[in-house]
Protein chains: 2
Amino acid sequence: MKEQEQFLNGLSTLLDKMQLLDRDTMQSQLNGFKPAEVHTIEFIGKHSHTNVTQISSAMYVTRGAVSKMTKRLMAKELIESYQISDNKKEIYFRLTTAGKRIFNIHESLNHQFEKRDESVFKQTSQADIDAVLSFISKYNQHLDVLIKDRQ
Amino acid sequence: MKEQEQFLNGLSTLLDKMQLLDRDTMQSQLNGFKPAEVHTIEFIGKHSHTNVTQISSAMYVTRGAVSKMTKRLMAKELIESYQISDNKKEIYFRLTTAGKRIFNIHESLNHQFEKRDESVFKQTSQADIDAVLSFISKYNQHLDVLIKDRQ
DNA sequence: GTAATATTGTTGCCATAGAAACAATAAAAA
DNA sequence: TTTTTATTGTTTCTATGGCAACAATATTAC
């Protein structure tokens, strides 16, 4: 198998496997909250004063999907919307107290997941980790350019 | 940001971006075929004599999802099912001629996508590429163990 | 300023996938 | 062999996201 192919296959199965493992834990500790809901709460928690369009482009989903999700999260009173005085079009979001609670639980789950995979990093030399991270960052920059040029 | 976190964020946005870029090209060259359909055709093309359970565990989706997908692909006459004489339960699949055509188009698209990102690999030293690939492989093995132990 | 264009958010319809209950069959235990 | 358990594939219900049309508002061109 060629290197590029090996890289892509490796990555996608890696993330598939993580998702599979994370789902069980999420299920038990964030019962009643769907992954997509938690993911959106996570984003809003990390980026206060953000609107539908920003969320959609950062999360690589359509505005429609975000619009539906934010409506649902508002119905569950996990986020609240607000507007700024000189713009009647854009709608911004922030977490409610209940939303922050979910955010914190999710953060601690992330720590568990990190701990779960810690050994892989510990077994790897710092030089190799640096190579991996810089490669990923370089690849991301490459795609950013293509995405920008695409319109 | 911690290394592990950086690694995970980098990977997931990387794949999100690729999906975004690939979608346009797929749309134009495999018009009328959904990504999930093509993905399944790809798997069956690469693994002849495979059944629902095998497909589902290899693609990390439920048997239900595979069952529906194979039904649809059969309705479109892209795959066909068959059974072996001493087993009335398991159902195997293979590509039809039409399915093989889709498979081949998809293969050539993959080449296009590889060409698109070739420069990233060319800019990287062989040693660094090796580090990246072996890290991903090590990480995958780690998760394989966890998945096996989970049941 | 007004008109044309772009952006923002929403909605309806459809495709896809998970969960869980189920029937048919196979494998293991007795 | 017979009974029990496990596996396989299917189906229903529900959740989610894309697409595309749309209304409201903002921005740009004139």
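Throughout, a chain's letter reflects where its sequence line sits, starting with A, and its residues are numbered from 1.
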Heavy-atom count check: over 12 atoms from other residues, nucleotides or ligands less than 6.0 Å from [X] [atom1]?
X	atom1	result
Q123(B)	CD	yes
K46(A)	NZ	yes
E77(A)	CD	no

Any chance you could lay out the side chain to side chain contact (heavy atoms under 4.5 Å, CB included) test for H49(A) and R94(A), step after step, and finish with the verdict?
CA-CA 6 Å; H49(A) 194 63; R94(A) 62 185 160 221; over 6 Å; no
Measure from [atom1] on [X] to [atom2] on [N] and round the result to the nearest Å.
X	N	atom1	atom2	result
K88(B)	dA27(C)	NZ	P	12 Å
I55(A)	dT16(D)	CD1	P	16 Å
Y82(A)	dG9(C)	OH	P	12 Å
K34(A)	dA17(C)	NZ	P	18 Å
R63(B)	dT25(C)	CZ	P	16 Å
E90(B)	dA6(D)	CD	P	18 Å
Q54(B)	dT7(D)	CD	C1'	13 Å
Q83(A)	dT8(C)	CD	C1'	11 Å

At under 4.0 Å between heavy atoms, what does Y92(B) touch on the DNA or RNA strands: base, sugar-phosphate, or nothing?
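Y92(B): no heavy atom of the nucleic acid under 4.0 Å.
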Need one value for K71(A): base, sugar-phosphate or nothing, where a base atom within 4.0 Å counts as base even if backbone is also close, heavy atoms only.
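Answer is sugar-phosphate: K71(A) comes under 4.0 Å of backbone atoms only.
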Phosphate contact ([N] OP1 or OP2) by [X] side-chain N/O below 4.0 Å:
X	N	value
N51(B)	dT8(D)	no
T53(A)	dG9(C)	yes
N87(A)	dA26(D)	yes

What's the angle between the local helix axes at either end of the helix from dG1(C)-dC30(D) to dA30(C)-dT1(D), using five pairs per end and rounding to 10 degrees?
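Taking the rotation axis at each end, their angle is 30°.
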Checking contacts here: which listed nucleotide (dG18(C), dT10(D), dT11(C)) is nearest the side-chain heavy atoms of S67(A)?
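Among the listed nucleotides, the one closest to the side chain of S67(A) is dT11(C).
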Can you figure out which of dA15(C), dG9(C), dG17(D) approaches the side chain of I91(A) most closely?
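The closest nucleotide is dG9(C).
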Pair of N/O donor and acceptor under 3.5 Å linking dG18(D) base with K68(A) side chain
yes
Worked verdict on T40(A) versus V66(A) for side chain to side chain contact (heavy atoms under 4.5 Å, CB included):
CA-CA 8 Å; T40(A) 310; V66(A) 173; 5.8 Å; no
Which sits closer to the 5' end of DNA chain C, G64(B) or M69(B), going by the nucleotide each is nearest to?
M69(B)
Specify the residue among T62(A) and K89(B) whose closest nucleotide of DNA chain D lies further upstream toward the 5′ end.
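The 5'-side residue here is K89(B).
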Nearest heavy-atom neighbours spanning M18(A) and D117(A)
CE-OD2, 4.4 Å
Hey, does I55(A) have a side-chain heavy atom less than 4.5 Å from the side chain of F93(A)?
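A side-chain contact under 4.5 Å exists here.
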Taking the side chain as C-beta and beyond, is there a heavy-atom pair between V38(A) and I41(A) under 4.5 Å?
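In short, these two side chains do not touch, never coming nearer than 4.5 Å.
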